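To start, the structure under review is shown below, and the notes come after it.
All values below come from the heavy atoms of this structure, side chains included, with hydrogens, waters and symmetry mates left out. What you see is a predicted model, and the numbers here were worked out from it, not measured in a lab.
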Amino acid sequence: MLPIHHMIDQAPQPVAPFSHAVEIDGWVFVTGQMPTLPDDPDAPLPEGIEAQTVRVMENLKLVLGGLGLGLENTTFIRVYLTEFKRDYQEMNDTYRSFFEPGKLPGRTCIGVSGLAVDALVEIDLIARRP
């Protein structure tokens, strides 16, 4: 079985050469999303970690929604922060609001030296079809 490469019309334009998601055997690997606007990729990024985290999570929901899935199908998430010590707690508070209590996916959060488009946060995920 070969993987299926998905591009979602409603999702933001990729900032590099990649598919929005790649699927194989019911597993869906969603490429890291940036805090860019789906309909205006050149617009300034939202200011601050809370606003950027919200935009990234909404972009992930757009990709998943284009595949008939939602955040409830997520099994694992990776978060990348450029200002780890400063933004970790506020990102967590915002991130947590996107999930039902007690139903958080597995997760890794990593501090990095930089992200595309000078974003403060990028998030990718793995989901599984029911």
Side-chain angles (χ1 to χ4, degrees):
M1 170 185 295
L2 292 175
I4 303 166
H5 298 82
H6 298 283
M7 292 302 295
I8 309 301
D9 290 338
Q10 301 83 2
Q13 289 183 345
V15 298
F18 56 74
S19 299
H20 283 125
V22 177
E23 180 174 356
I24 190 160
D25 197 27
W27 291 99
V28 180
F29 301 85
V30 178
T31 299
Q33 293 297 300
M34 309 306 296
T36 54
L37 294 173
D39 55 350
D40 189 359
D42 297 321
L45 298 181
E47 294 219 15
I49 191 63
E50 180 181 3
Q52 286 198 22
T53 302
V54 167
R55 181 70 262 150
V56 167
M57 294 301 291
E58 291 297 334
N59 289 346
L60 289 166
K61 287 171 53 177
L62 288 171
V63 174
L64 289 169
L67 300 171
L69 300 169
L71 288 172
E72 67 276 8
N73 300 105
T74 302
T75 61
F76 197 84
I77 285 182
R78 283 179 295 246
V79 179
Y80 307 90
L81 295 171
T82 59
E83 299 290 339
F84 191 90
K85 287 182 181 181
R86 182 191 74 189
D87 292 340
Y88 183 71
Q89 189 58 54
E90 191 172 356
M91 180 282 300
N92 277 325
D93 293 343
T94 304
Y95 166 90
R96 186 178 294 117
S97 72
F98 283 86
F99 298 95
E100 289 184 43
K103 294 193 177 181
L104 295 166
R107 192 186 93 179
T108 297
C109 187
I110 304 163
V112 297
S113 62
L115 293 168
V117 301
D118 292 325
L120 298 173
V121 60
E122 178 176 352
I123 302 174
D124 66 25
L125 63 78
I126 301 168
R128 177 83 167 144
R129 289 200 181 272

* Tell me whether Leu115 is reachable from Leu81 by hopping between hydrophobic residues (I, L, V, M, F, W, Y) whose side-chain heavy atoms are closer than 4.5 Å. => no
* Should Val28 and Leu71 be regarded as members of a common hydrophobic cluster, given that ILVMFWY residues are connected when their side-chain heavy atoms come within less than 4.5 Å of each other, either directly or indirectly? -> yes
* Asked: Which pair of non-hydrogen atoms, one from Ala21 and one from Leu67, has the smallest distance, and what is that distance?
  -> CB-CD1, 3.8 Å
* Side chain of Gln52, backbone of Pro46: donor and acceptor closer than 3.5 Å? -> yes
* Of the non-hydrogen atoms in Ser19 and His5, which two are nearest, and what is the gap between them? -> OG-CB, 3.5 Å
* **Within-4.5 Å side-chain heavy-atom neighbours: Leu45 and Val117** => yes
* Asked: Nearest heavy-atom pair of Leu69 and Pro130: which atoms, and what distance?
  -> CD2-CD, 4.2 Å
* Without swapping roles, check the side chain of His20 against the backbone of Asp9 for a donor-acceptor pair under 3.5 Å. => no
* Structure fact -> Rounded to the nearest 0.5 angstrom, the CD-CD1 distance for Gln89 and Ile49 is 12.0 Å
* Where Pro35 and Val56 come nearest, the two heavy atoms and their spacing -> N-CG2, 3.5 Å
* Asked: Do Val30 and Asp124 pass the side-chain contact (heavy atoms from CB on, under 4.5 Å) test, and can you show the C-alpha distance, the side-chain angles, and the key distance before you say yes or no?
  -> CA-CA 6 Å; Val30 178; Asp124 66 25; 5.9 Å; no
* Structure fact -> Rounding to 0.5 Å, atoms OG1 (Thr94) and CG (Asn92) come to a distance of 9.0 Å
* Going by an N to O cut-off under 4.0 Å, is there a salt bridge joining Arg55 and Glu58? -> no
* For residues 92-130, which residue pairs qualify under ring-ring contact (aromatic ring centres under 6.0 Å, His included), counting only residues two or more places apart or in two chains? -> Tyr95-Phe99
* **Distance (rounded to the nearest 0.5 Å) between Asp93 CG and Thr53 OG1** => 10.0 Å
* Shortest non-hydrogen contact from Ala43 to Leu37? -> CB-CD1, 3.7 Å
* **Val54 reachable from Ile123 in the ILVMFWY side-chain graph, under 4.5 Å edges** => yes
* Asked: In terms of hydrophobic clustering (I, L, V, M, F, W, Y; side-chain heavy atoms under 4.5 Å; direct or indirect links), are Trp27 and Leu2 co-clustered?
  -> no
* Please step through side-chain contact (heavy atoms from CB on, under 4.5 Å) for the pair Cys109 and Met91, ending with a clear verdict. => CA-CA 10 Å; Cys109 187; Met91 180 282 300; 3.8 Å; yes
* Asked: Can you list every pair that meets ring-ring contact (aromatic ring centres under 6.0 Å, His included) and has a residue in residues 49-90, with sequence neighbours left out?
  -> Phe84-Tyr88
* **Check: Asn59 and Met34 side chains under 4.5 Å, non-hydrogen atoms** => no
* Applying side-chain contact (heavy atoms from CB on, under 4.5 Å), run through His6 and Glu23 and close with a yes or a no. => CA-CA 8 Å; His6 298 283; Glu23 180 174 356; 2.8 Å; yes
* Asked: Just wondering, are more than 12 heavy atoms of other shown residues or ligands nearer than 6.0 Å to CG in Asp118?
  -> no
* Results of salt bridge (Lys or Arg N to Asp or Glu O under 4.0 Å) for Arg107 - residues two or more places apart only -> none
* **Thr74 and Leu60: CA distance, side-chain angles, deciding distance, side-chain contact (heavy atoms from CB on, under 4.5 Å) verdict** => CA-CA 10 Å; Thr74 302; Leu60 289 166; over 6 Å; no
* Asked: Should Met57 and Val121 count as side-chain neighbours, where that means a heavy-atom distance under 4.5 Å?
  -> no
* Decide whether Phe18 and Ile77 are clustered together by the hydrophobic rule: side chain heavy atoms of Ile, Leu, Val, Met, Phe, Trp, Tyr closer than 4.5 Å, transitively. => no
* **Backbone N/O of Ile126 and side chain of Thr75: donor-acceptor pair under 3.5 Å** => yes
* Structure fact -> Closest non-hydrogen atoms of Val15 and Ala116, given as atom of the first, atom of the second and distance, are CG2-CB, 3.9 Å
* Picking from Ile8, Leu125, Asn73, what satisfies side-chain contact (heavy atoms from CB on, under 4.5 Å) with Leu64? -> Leu125
